[in-house]
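Encoded as structure tokens, the structure appears first; notes follow it.
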Amino acid sequence: MPQSESYLPQSDKITKATILVLDATNTLSFAAAVDPLRAANRHAGREVFRWQFATPTSQDVQLTSGLIVPAAPIARVDRCDLFVIVAGFRLKAQTTPALRASLRRLANVAQNTAGIDGGPWVMARAGLLDGQSATTHWEDIDSLSSDFPQVHVVNSRYQISGNRLTSAGATPAIDMMLALIRRDHGARLASQIAASFILDHSPSPAAPQLRNPDPQRHTRTTARAHALMEDALDEPLPIALIAKQLGIGARALQLQFRAALNTTAQQHYLSLRLLEARRQVTTTTQPLHDIALATGFTSQSSFARAYVKAFGINARAQRSR
């Protein structure tokens, strides 16, 4: 494709980026970190960004898809303008004291430091988010908040707090990188990149992450109710209270759920709680009793009955698989 002629550079400066990739990183998150930079160079018609990849140690890194990032130890990187940490799984084991020292060293000299997917948790472990607002993938929000009380954790798609940027996952990371490009190189270049990705709609960065999004079916009201439900899975709110917070009557809310999603508000709420329960059953080692309490069930028996009815298998059997 031809290069764009319409970008007017604000300066000739080249932003030097280091992208640290941890083992078991999601491939889409990895691409979201680097491809906006590549597209910026193409549309600018010159080198706006220059990047290098780095790994935690002298070992190759394997992404979740099986792709390999060749070893390039972060300890050998002297400095950079933009420092991006991309991570996915097995965060605690990889965030060693040596890695944390490298993170602090580079963040001290970088103009901006960003974390994508599990990257914000790694940043917090190194003390890079103390006193800052930050977000992370919804699966890790609770642990980020409880493990690092000095960080103001928010449920948002991405968060910019001073020179610290955090993103909840791959899709919000594209928007976050575009926001960075827009700020440093102008709206025209950012718009050209978005168009090349056929990204014709970017939700607000402050929009909450939804565990079970269905934007094609939700109305504005049911989406807001859905977000309130997700924020209170452990202590379910009465439907009447949710309706009151939305400024409508309980009956009107029920009618909207029936029309948009062909279900009741109560059943939708229950399905969200059970989906979160299944996630915890299959991806954590939390005791089933704790999972039941965390998803709003007051007794193990009621949790067990609801789980079998929803998934056709009891939680213990599903975990053993």
Side-chain angles (χ1 to χ4, degrees), residues 17-36 53-57 59-69 72 74 82-104 106-107 110 112-130 132-161 164-177 205 208-211 276 279-280 282-286:
T18 294
I19 301 172
L20 171 65
V21 188
L22 272 66
D23 202 51
T25 287
N26 290 312
T27 307
L28 199 57
S29 296
F30 171 75
V34 67
D35 221 39
F53 299 118
T55 55
T57 68
Q59 299 295 317
D60 292 349
V61 160
Q62 183 171 351
L63 306 185
T64 53
S65 64
L67 289 175
I68 300 295
V69 177
I74 189 70
L82 173 61
F83 184 29
V84 184
I85 300 105
V86 195
F89 301 96
R90 302 198 299 273
L91 303 178
K92 290 184 180 180
Q94 297 187 75
T95 313
T96 62
L99 180 61
R100 297 200 296 270
S102 291
L103 295 179
R104 289 189 289 268
L106 284 177
N112 293 285
T113 300
I116 295 173
D117 201 348
W121 193 95
V122 176
M123 291 172 67
R125 186 91 186 272
L128 303 185
L129 295 177
D130 290 359
Q132 304 286 344
S133 296
T135 191
T136 190
H137 193 281
W138 62 262
E139 291 188 0
D140 300 318
I141 278 182
D142 289 342
S143 64
L144 184 68
S145 182
S146 60
D147 291 349
F148 307 103
Q150 65 274 30
V151 180
H152 176 54
V153 180
V154 293
N155 179 6
S156 62
R157 301 182 74 253
Y158 69 87
Q159 193 76 14
I160 299 178
S161 182
R164 301 291 193 255
L165 299 89
T166 52
S167 167
T171 303
I174 296 175
D175 291 332
M176 181 183 75
M177 298 302 285
Q209 303 169 56
L210 302 180
R211 289 173 169 82
E276 173 60 12
R279 184 191 73 80
Q280 293 192 32
T282 57
T283 65
T284 77
T285 58
Q286 286 283 95

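What's counted below: heavy atoms across the whole structure, side chains too, no hydrogens, waters or symmetry copies. Along the sequence shown, residues are numbered consecutively beginning with 1.
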CD1 of Ile174 to CD1 of Ile116, rounded to nearest 0.5 Å, is 9.5 Å

Quick check: do Ile74 and Phe83 have side-chain heavy atoms less than 4.5 Å from each other? yes

Tightest non-hydrogen contact, residues Val154 and Ile141, listed as O-CD1, 4.2 Å

Hits for side chain to side chain donor-acceptor pair (under 3.5 Å) against Ser161, two or more places apart or cross-chain, chain-then-number order -> Gln132

With sequence neighbours left out, the residues meeting salt bridge (charged side-chain N to carboxylate O under 4.0 Å, His left out) with Asp35 are Arg38

Is any side-chain heavy atom of Pro120 closer than 4.5 Å to one of Thr135?
no

message: When you compare the side chain of Val69 with that of Phe30, does any pair of heavy atoms fall below 4.5 Å?
response: yes

The complete set of side chain to side chain donor-acceptor pair (under 3.5 Å) pairs with one or both residues in residues 83-99, sequence neighbours excluded, reads Asp23-Arg90

Distance col, row Ile160:CD1 vs Leu165:CG, nearest 0.5 angstrom, shows 4.5 Å

Nearest heavy-atom contact between Thr64 and Thr27 is OG1-N, 3.6 Å

Residue set satisfying side chain to side chain donor-acceptor pair (under 3.5 Å) with Asp60, at least two apart, ordered chain then number -> none

**Message:** Is any side-chain heavy atom of Leu103 closer than 4.5 Å to one of Leu20?
**Reply:** yes

Answer yes or no: is there a side-chain heavy-atom contact under 4.5 Å between Asp147 and Arg125? no

Quiz item: Is Ile85 close to Leu22 at the side-chain level, that is, under 4.5 Å between some pair of heavy atoms?
Solution: yes

When every non-hydrogen atom of Met176 is compared with those of Ser167, the smallest separation belongs to SD-CB, 3.7 Å

For Ala33 and Met177 the tightest heavy-atom approach is O-CE, 3.4 Å

Here the gap from Arg157 atom CZ to Asp175 atom CG, rounded to the nearest 0.5 Å, amounts to 4.5 Å

Between the CD atom in Gln62 and the OG1 atom in Thr25, the distance rounded to the nearest 0.5 Å is 11.5 Å

Value for CG (Asn155) from OG1 (Thr136), rounded to nearest 0.5 Å, stands at 10.5 Å

Taken to the nearest 0.5 Å, the spacing of Ile19 CD1 from Leu82 CG works out to 7.5 Å

Taken in chain and number order and not counting sequence neighbours, the residues that satisfy side chain to side chain donor-acceptor pair (under 3.5 Å) with Asp140 are none

Side chain to side chain donor-acceptor pair (under 3.5 Å) filter on Ser29, not counting sequence neighbours, yields Asp117

For Gly118 and Leu91 the tightest heavy-atom approach is O-CD1, 3.8 Å

Shortest non-hydrogen pair, Pro172 vs Tyr158, comes out as O-CD2, 3.7 Å

